[in-house]
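Chain letters run A, B, ... following the sequence lines, proteins first, then strands; residues in each count from 1.
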There are 4 protein chains.
Amino acid sequence: MSSASIHKHTAILDAAYELFGSGGFYETKMSEVAERAGIAKGTVYLYFKNKEDLFMAVTRRDCEGFLQQLEGKLRASGSLTGKLSVIAAHHLFYYYERKQHTKLFFRAPNNNPELVAYMALFMDEYMQAVVKVLLEGGASEPELMAKSYIGMLDRLKMDILFDPSFSEEDVHKRTKFAASLFIGGAVANMNASLGDLPAGQ
Amino acid sequence: MSSASIHKHTAILDAAYELFGSGGFYETKMSEVAERAGIAKGTVYLYFKNKEDLFMAVTRRDCEGFLQQLEGKLRASGSLTGKLSVIAAHHLFYYYERKQHTKLFFRAPNNNPELVAYMALFMDEYMQAVVKVLLEGGASEPELMAKSYIGMLDRLKMDILFDPSFSEEDVHKRTKFAASLFIGGAVANMNASLGDLPAGQ
Amino acid sequence: MSSASIHKHTAILDAAYELFGSGGFYETKMSEVAERAGIAKGTVYLYFKNKEDLFMAVTRRDCEGFLQQLEGKLRASGSLTGKLSVIAAHHLFYYYERKQHTKLFFRAPNNNPELVAYMALFMDEYMQAVVKVLLEGGASEPELMAKSYIGMLDRLKMDILFDPSFSEEDVHKRTKFAASLFIGGAVANMNASLGDLPAGQ
Amino acid sequence: MSSASIHKHTAILDAAYELFGSGGFYETKMSEVAERAGIAKGTVYLYFKNKEDLFMAVTRRDCEGFLQQLEGKLRASGSLTGKLSVIAAHHLFYYYERKQHTKLFFRAPNNNPELVAYMALFMDEYMQAVVKVLLEGGASEPELMAKSYIGMLDRLKMDILFDPSFSEEDVHKRTKFAASLFIGGAVANMNASLGDLPAGQ
DNA sequence: TATGAATGAGTATTCATTCAT
DNA sequence: CATGAATGAATACTCATTCAT
């Protein structure tokens with residue numbers, strides 16, 4: 001692929017990322033993608049088989065970037081607690097930085113088995129990255145714990161996407177909160193005794 | 001509204017619930033909804049303004065049912081820990097019982113502000129129900145905690161939806177796991193010491 | 001099917017007959033068919049699955065009409081020679097009457113197996129009708145003879161389709177010529193002896 | 001035109017002949033033609049103005065070859081009957097030898113006046129070749145007779161194209177049958193008297 | 001109320017053709 | 001001469017919605 005080709009390939013992915021991201025799969029027109037990429041409609045089809053293929057490619061690039069960055073950051077960080085904080089920060093800031101374009105990324109074509117399979121794979125890889133961290137601490141149910149942590153983070157991210165007044169500082173607070181809650185549990189954030197809590201749960 | 005009308009209204013909602021639930025908004029046809037409801041295509045429009053309106057109504061009924069049931073269960077339960085367990089059980093079993101039809105419910109029309117607003121409202125009401133419970137324990141950041149708990153539960157529910165071998169027993173385990181992790185934190189599930197954990201976090 | 005439906009069905013077939021007939025399959029647009037039939041584009045699809053289906057239906061109606069008329073005329077006619085003349089007249093006048101619309105009917109979608117099969121069936125039925133006549137005369141190779149006769153007629157019809165000055169009288173002459181040539185052979189139309197003709201052939 | 005050019009010109013014609021022949025005009029892509037000819041897409045346009053021009057050239061080469069071969073064979077043959085047999089054999093074997101590639105040759109672009117004109121010209125030249133033979137026998141309606149003979153042959157050729165089990169021997173039989181029927185007429189193939197045949201027709 | 005025939009706006013995709021290299 | 005990346009016109013088909021009955 002020539003450098004011009006690569007440039008066009010990237011331009012299409014970028015355009016599609018923004019449009020799929022804000023309008024979703026069904027409400028994004030291939031002609032819009034072409035226009036935003038600064039090329040002709042037919043040209044899109046020289047690089048991607050069809051609309052679903054383009055959506056897959058956009059998703060793939062995004063997910064791979066997410067995981068690669070995460071792994072780099074985890075390698076560079078130390079203690080267990082530090083790593084859990086890194087995960088939280090990565091998750092929240094990743095979306096914070098892309099809030100313009102990922103608002104509605106979760107609007108995907110509904111019955112595309114390939115996409116469903118890929119998303120499952122992504123989720124699994126993400127989870128395994130977290131599991132690996134947890135195992136260092138000797139967690140007994142690392143997969144469930146990893147899923148729980150990811151779920152927490154994913155929900156905490158929603159406000160970031162939809163609340164335009166969210167500041168970087170706010171994201172930092174949320175990051176610390178998430179790691180702390182996950183590690184210490186609700187009990188650590190409460191004044192009242194939890195005397196009725198079954199011990200060891 | 002006559003009783004015949006109510007019956008038809010309900011039949012349409014039921015049909016739409018199943019179809020939207022398994023195929024998503026865009027891949028569900030109004031004609032299919034009518035057919036499954038046992039009425040004529042035009043009749044759907046006597047009860048719902050248009051496809052989005054129908055989707056809204058389906059969503060609303062589902063969310064309201066979810067919240068009402070939750071509130072009933074919370075009133076009937078005692079301690080803080082008990083209530084947190086009730087929330088987890090409700091969230092997971094709700095989807096467990098509807099796994100046939102909610103698989104893809106999260107595929108919604110992408111740019112409908114009314115729907116977005118409603119979902120935000122639902123999330124807020126759900127969160128407030130959890131907040132109310134947490135406040136009994138004197139939580140300091142009850143909203144963030146509530147969101148985190150809901151996020152955990154939502155991710156833990158995904159396997160239930162997509163893994164057909166999931167048994168009722170498995171759901172029970174997950175329920176206990178979720179409540180326990182949320183209350184006691186990761187530290188309680190780990191063998192290794194978390195000596196590097198900043199105290200009080 | 002209501003009478004209005006039948007009317008529309010027929011109107012579409014008529015419109016398609018004329019357009020396919022003069023422009024061929026590929027150069028006829030469904031929107032033109034609809035317009036000429038006086039209905040909306042979408043309505044065509046209520047009556048015919050797609051463009052190929054419509055083409056098939058048009059072809060079928062035309063071929064069936066051709067054969068039915070032929071059979072009626074054959075029943076009403078007497079001697080072997082008379083029947084052969086009836087066949088010739090039917091073939092030539094059928095196209096003479098439709099010269100406006102069948103000029104290019106032989107431009108069909110190229111790779112439609114169903115259509116190919118149907119045309120083979122039609123040709124076979126046509127041939128069998130001729131074979132039946134020939135068998136009354138004790139022909140020894142009736143199928144090849146039938147095909148030959150049909151081939152003659154089909155070529156003799158071409159001028160009718162493409163020559164606008166062709167009169168009904170001309171068609172009559174051609175009819176007589178065809179029957180006579182087929183029955184008596186070239187030898188009957190020649191002054192010179194055909195002494196070198198293998199005897200008995 | 002250099003020899004390399006001639007080679008490319010021929011390669012394109014060969015490729016187009018096979019593809020148009022088996023897929024028809026509309027379902028053959030210029031890119032396929034180029035690929036099969038072993039050249040780039042754009043190069044085709046250095047040799048042929050456009051797709052229709054290429055189709056014309058392919059048709060022309062085929063028709064000219066058909067006529068030239070026929071004329072050569074006719075010069076080499078003797079009696080009237082012999083010449084008629086030569087015509088039949090030529091027509092049938094020509095397609096027999098090309099059955100792979102001419103199955104669908106008759107699927108031409110529908111509204112190309114130049115092509116229509118050329119085909120008329122070809123038909124006329126073919127007819128004149130036959131007429132010339134028939135005039136040696138003093139035929140009174142040589143053109144109609146020629147057309148009829150060609151029509152017969154054309155129909156008799158169809159089975160050859162579509163029936164893969166057709167042997168060379170079968171083609172021979174058909175050749176003899178055609179010439180014999182044309183010369184002697186149906187009456188020669190029948191047991192029954194044709195007493196009602198108008199004398200001299 | 002209920003129907004369902006009719007509508008027509010809306011869009012992904014193809015492919016002949018061009019032209020800068 | 002040769003290339004092949006880029007173009008964009010052109011069209012079948014779908015399906016939400018309407019409205020005469």
Side-chain angles (χ1 to χ4, degrees), chain A residues 1-2 4-5 8-9 26-35 37-54, chain B residues 1-2 4-5 8 25-35 37-54 109, chain C residues 1-2 4-5 7-9 26-35 37-54, chain D residues 1-2 4-5 8-9 25-35 37-54 109:
Chain A
M1 217 187 266
S2 74
S5 278
K8 238 159 231 174
H9 187 93
Y26 294 96
E27 306 212 350
T28 294
K29 293 173 223 158
M30 291 298 266
S31 58
E32 288 172 350
V33 173
E35 193 183 14
I39 58 173
K41 216 168 356 144
T43 307
V44 177
Y45 290 88
L46 296 179
Y47 293 84
F48 300 93
K49 210 168 87 252
N50 53 35
K51 196 179 175 182
E52 294 208 338
D53 185 39
L54 176 57
Chain B
M1 216 186 264
S2 73
S5 280
K8 247 164 218 173
F25 179 80
Y26 293 96
E27 305 209 351
T28 294
K29 296 173 210 160
M30 291 298 265
S31 58
E32 288 172 349
V33 173
E35 191 183 16
I39 59 173
K41 224 179 336 164
T43 307
V44 177
Y45 289 86
L46 297 178
Y47 293 86
F48 301 92
K49 206 168 90 245
N50 54 34
K51 194 181 178 183
E52 295 207 337
D53 185 40
L54 175 58
Chain C
M1 215 188 267
S2 74
S5 278
H7 175 260
K8 237 157 232 175
H9 187 94
Y26 293 95
E27 307 212 349
T28 294
K29 293 173 224 156
M30 291 299 265
S31 57
E32 288 172 350
V33 172
E35 192 182 14
I39 57 173
K41 214 168 0 139
T43 307
V44 177
Y45 290 88
L46 297 179
Y47 293 85
F48 300 93
K49 209 167 90 252
N50 53 35
K51 196 178 176 184
E52 294 207 339
D53 185 40
L54 176 58
Chain D
M1 217 188 264
S2 74
S5 279
K8 246 164 220 175
H9 187 94
F25 179 80
Y26 293 96
E27 305 209 351
T28 294
K29 296 174 210 161
M30 290 300 265
S31 58
E32 288 173 349
V33 172
E35 190 184 16
I39 59 173
K41 224 178 339 163
T43 308
V44 177
Y45 289 86
L46 298 177
Y47 294 85
F48 300 93
K49 206 168 89 247
N50 54 34
K51 194 179 178 185
E52 295 206 338
D53 185 40
L54 175 57

Whole-Å gap separating [atom2] ([N]) and [atom1] ([X]):
X	N	atom1	atom2	value
B/Lys29	F/dA16	NZ	P	8 Å
D/Glu27	E/dT14	CD	C1'	13 Å
C/His7	E/dA6	NE2	P	11 Å
B/Met30	F/dT18	CE	P	10 Å
C/Glu32	F/dA10	CD	P	13 Å
C/Glu35	E/dT7	CD	P	13 Å
B/Phe48	F/dA16	CZ	P	16 Å

What's the closest nucleotide to the side chain of [X] if the choices are [options]?
X	options	answer
C/Leu46	E/dA5, F/dC1, F/dG8	E/dA5
B/Asn50	F/dT3, F/dT17, F/dT7	F/dT17
C/Lys51	E/dA16, F/dA6, F/dA12	F/dA12

OP1 or OP2 of [N] less than 4.0 angstrom from a side-chain nitrogen or oxygen of [X], does that happen here?
X	N	answer
D/Thr43	F/dT3	yes
A/Tyr26	E/dT11	no
C/Tyr47	E/dA6	yes
C/Tyr45	F/dC15	no
A/Ser5	F/dA5	no

key: Quiz item: A/Lys41 side-chain donor-acceptor pair to F/dT7 base, under 3.5 Å   = no
request  = Would you indicate what B/Lys8 reaches in the nucleic acid, counting non-hydrogen atoms under 4.0 angstrom: base, sugar-phosphate, or nothing?
outcome  = sugar-phosphate
DNA chain E: stems of at least 3 consecutive Watson-Crick or G-U pairs whose donor-acceptor distances fall under 3.5 Å = E:2-21 with F:2-21
remark   = Note: for B/Gly42 and A/Gly38 on DNA chain F, the residue whose nearest nucleotide lies more 5' is A/Gly38
Grab the two heavy atoms, one from [X] and one from [Y], that are nearest each other, plus how far apart they are.
X	Y	value
A/Glu32	A/Glu27	OE1-O, 4.2 Å
D/His9	D/Phe48	CE1-CZ, 3.5 Å
D/Phe25	D/Lys51	O-NZ, 3.0 Å
A/Met30	A/Val44	CE-CG1, 3.7 Å

Backbone of A/Ala37 reached by a side-chain donor or acceptor of A/Lys8 within 3.5 Å = no
ask   = Of D/Lys49 and C/Ala4, whose closest DNA chain E nucleotide lies nearer the 5' terminus?
value = C/Ala4
inquiry  = Closest-nucleotide mapping onto DNA chain E: is B/Val44 or A/Ser31 further toward the 5' terminus? I mean the 5' end.
reply    = B/Val44
message = Can you tell me how far apart NZ (A/Lys41) and CD (A/Glu35) are? Round to the nearest 0.5 Å.
response = 11.0 Å
query = At what distance, to the nearest 0.5 angstrom, does OH of D/Tyr47 lie from CG of D/Asp53?
reply = 14.0 Å
